[in-house]
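Residue numbering restarts at 1 for every chain, and letters A, B, ... go by the order of the sequence lines.
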Number of protein chains: 2
Amino acid sequence: MKLTDIFWPFRSDMNYIERELDRAIDTKEPVLHKAASHLLKAGGKRIRPVFVLLGGKFGNYDIERLKYVAVPLELIHAASLVHDDVIDDAELRRGKITVKSKWDNRIAMYTGDYIFARALTLVTELPNPQIHKILSNTIVEVCLGEIEQIRDLNNWDQNLRRYLRRIKRKTALLMAISCQLGAIATDASKDVVHRLYAYGYNAGMAFQITDDILDFIGDEKKLGKPAGSDLKQGNITLPALYAYHKSQNAAAFRVLAEENRTDEMIRFIREGECINEAQKLADWYLMRAAAALEGLPDNRNKDALLKIAHFFGERQS
Amino acid sequence: MKLTDIFWPFRSDMNYIERELDRAIDTKEPVLHKAASHLLKAGGKRIRPVFVLLGGKFGNYDIERLKYVAVPLELIHAASLVHDDVIDDAELRRGKITVKSKWDNRIAMYTGDYIFARALTLVTELPNPQIHKILSNTIVEVCLGEIEQIRDLNNWDQNLRRYLRRIKRKTALLMAISCQLGAIATDASKDVVHRLYAYGYNAGMAFQITDDILDFIGDEKKLGKPAGSDLKQGNITLPALYAYHKSQNAAAFRVLAEENRTDEMIRFIREGECINEAQKLADWYLMRAAAALEGLPDNRNKDALLKIAHFFGERQS
């Protein structure tokens with residue numbers, strides 16, 4: 001199953017969103033336009049716009065309103081990526097050269113600021129202040145997540161709860177509000193809005209846990225980065241936390257951690273039960289995502305959401 | 001004349017805004033709180049909040065509404081400063097150590113993002129979508145100005161118009177909308193809104209030109225940076241543009257520019273007519289700022305705006 005197959009029924013509206021994304025970053029400032037284009041063209045799966053449109057299918061679907069949520073959410077996601085690349089000193093993202101290494105850190109920083117600001121301009125086209133409020137509160141949370149991630153670098157003392165809060169802020173919230181705002185922008189009922197939020201949140205948690213697993217066991221070519229990159233950068237994710245706190249040979253792993261023997265830690269995690277245990281938690285979130293949809297009418301839109309959740313669990317890159 | 005003397009009649013509301021600024025950046029994340037606090041405590045003149053409050057005096061003054069414009073505008077200004085410091089690799093700002101050098105670039109970047117996002121959360125407390133739209137459009141312009149500034153580094157070919165557009169985006173717009181949004185948030189008439197915008201824009205242009213003059217001739221201690229810092233960083237401002245394109249010895253100056261003899265360029269600018277010519281343009285903007293206020297009722301608020309414009313022209317740091 002490919003994501004494009006799931007999106008097939010919405011391809012015309014997705015193409016429209018794609019054109020609107022291009023239009024959103026259009027500017028006479030040549031460097032900025034090139035950098036922002038490069039960033040958006042580098043792709044990504046456009047999960048957030050898809051969630052917005054699917055959320056809108058459970059209300060009074062109107063692409064002319066939904067675009068003012070779908071485009072900003074994708075732009076905010078892109079802006080956060082380009083700032084992350086500055087911080088991580090990343091040369092590659094999704095196998096493609098990053099803005100910060102094609103241009104420089106200054107351009108990457110301001111490209112992020114610019115895209116972020118453009119996102120906000122677009123959302124003000126909708127008169128609904130609740131949407132503005134949810135969006136800006138989420139951005140605050142995303143920033144807090146970024147700062148937490150820095151604070152928790154190389155911190156083996158963190159517990160599972162702390163990791164979960166971090167990935168909620170970093171990933172799950174933006175997916176949750178994508179579904180939620182699609183429903184709110186089309187005047188769906190409160191119950192529907194609530195269920196879609198819960199779906200997006202749980203699917204997003206599973207998405208990030210899978211991401212953290214793939215960082216250890218995924219195909220380096222498909223991921224566009226070497227295995228264990230997170231750990232090498234000091235970013236301690238679920239498989240590593242499990243190895244340190246819960247695994248059968250936790251004592252041995254702690255020695256490796258203390259002596260900072262990264263390659264051996266990566267091998268330990270890849271070969272032991274850590275990946276399986278992390279997978280179990282991802283599956284649990286996927287089950288909760290499916291459960292959140294139970295009260296919604298059975299139709300091809302609900303089916304698409306279920307397939308996306310399934311895809312999140314199965315993806316290889 | 002000191003700014004605090006001009007603000008004296010509004011000191012109680014200004015103290016309230018100060019407390020609200022503190023509250024806005026309050027967070028349990030310790031590093032973030034310290035960095036954001038450090039940034040705000042480093043001071044600044046709080047010109048933008050003062051403009052908001054004074055703008056509100058020409059409508060139905062209500063501090064409970066105005067704070068949702070005054071605090072965000074100051075926060076957006078602070079966020080742009082902390083990002084500038086990352087870019088400029090600045091160790092000091094206003095004579096105090098910067099966030100990026102007290103912590104690091106990553107913290108500075110995310111502190112900026114966080115403060116920026118908090119600003120947006122606050123403004124969503126106001127139900128008026130026009131305010132959100134003006135604010136987010138301005139942020140886009142400010143970002144474009146930042147990118148332009150990078151593009152124009154060491155570019156002697158730029159004309160006066162280009163410089164003016166850059167300082168408009170960098171400084172004058174945010175001051176213009178401070179006055180404007182104070183008036184809009186308190187339901188002032190369109191004519192009043194328009195006049196206050198024009199005042200803020202012209203005062204802001206004069207403010208930035210004076211800043212650019214002070215960079216050459218100001219007291220290094222008061223400014224907290226060595227003379228000619230802009231030029232040393234490749235940022236070509238009005239006095240330097242005048243020296244290159246219009247001054248009596250432009251040919252001699254061009255030789256210095258071509259050979260990148262920065263110290264000699266700085267001496268040339270400090271000693272020649274360039275500073276005077278730049279001062280003339282700043283005075284012209286100040287005259288226009290005063291003219292914009294002519295249609296407003298004569299009262300102590302108008303008087304305060306006139307005094308602030310006067311202060312902008314006379315300030316030494």
Side-chain angles (χ1 to χ4, degrees), chain A residues 24 27-33 35-36 72 76 79-80 83-84 86-89 103-151 153, chain B residues 24 27-33 35-36 72 76 79-80 83-84 86-89 103-151 153:
Chain A
T27 158
K28 284 180 199 150
E29 202 52 50
V31 177
L32 186 58
H33 186 248
I76 287 165
S80 81
H83 277 186
D84 286 356
V86 176
I87 296 314
D88 297 344
D89 218 12
W103 287 273
D104 63 20
N105 269 341
R106 294 175 310 173
I107 298 291
M109 157 105 81
Y110 287 128
T111 301
D113 287 358
Y114 168 75
I115 293 177
F116 191 38
R118 284 295 293 133
L120 297 164
T121 331
L122 287 169
V123 84
T124 61
E125 294 295 324
L126 292 176
N128 189 334
Q130 195 197 355
I131 293 178
H132 306 175
K133 200 171 277 188
I134 291 171
L135 193 69
S136 56
N137 277 323
T138 303
I139 299 169
V140 170
E141 292 292 316
V142 171
C143 291
L144 286 172
E146 303 282 10
I147 299 266
E148 274 176 348
Q149 182 160 330
I150 295 174
R151 184 147 78 103
L153 284 177
Chain B
T27 158
K28 284 179 198 149
E29 202 53 51
V31 177
L32 186 58
H33 186 246
I76 287 165
S80 81
H83 277 186
D84 286 356
V86 176
I87 296 314
D88 297 345
D89 219 11
W103 287 273
D104 64 20
N105 269 340
R106 295 175 310 173
I107 299 291
M109 158 105 82
Y110 287 128
T111 301
D113 287 358
Y114 168 77
I115 292 177
F116 192 36
R118 284 295 294 135
L120 297 165
T121 330
L122 287 169
V123 84
T124 61
E125 295 294 325
L126 293 176
N128 189 336
Q130 195 198 355
I131 293 178
H132 306 176
K133 200 170 280 190
I134 290 171
L135 193 68
S136 56
N137 278 324
T138 303
I139 300 168
V140 169
E141 292 292 316
V142 172
C143 291
L144 286 172
E146 302 283 8
I147 299 266
E148 274 176 348
Q149 183 159 329
I150 295 174
R151 184 147 78 104
L153 283 177

Rounded to the nearest 0.5 Å, what separation is found between the [atom1] atom of [X] and the [atom2] atom of [Y]?
{"X": "A/K133", "Y": "B/T124", "atom1": "NZ", "atom2": "OG1", "answer": "5.0 Å"}
{"X": "A/I150", "Y": "B/E29", "atom1": "CD1", "atom2": "CD", "answer": "9.5 Å"}
{"X": "B/E148", "Y": "A/K28", "atom1": "CD", "atom2": "NZ", "answer": "11.0 Å"}

Residues in residues 139-147 of chain A that sit under 4.5 Å from chain B, counting heavy atoms only:
A/I139, A/V140, A/C143, A/L144, A/E146, A/I147

Toward chain A, the part of [X] with a non-hydrogen atom under 4.5 Å:
{"X": "B/Q130", "answer": "neither"}
{"X": "B/R151", "answer": "side chain"}
{"X": "B/T27", "answer": "side chain"}

Who among B/A119, B/P30, B/A79 has the most heavy-atom pairs with chain A under 4.5 Å?
B/P30

Smallest heavy-atom separation, B/T121 atom then A/S136 atom, equals CA-OG, 3.3 Å

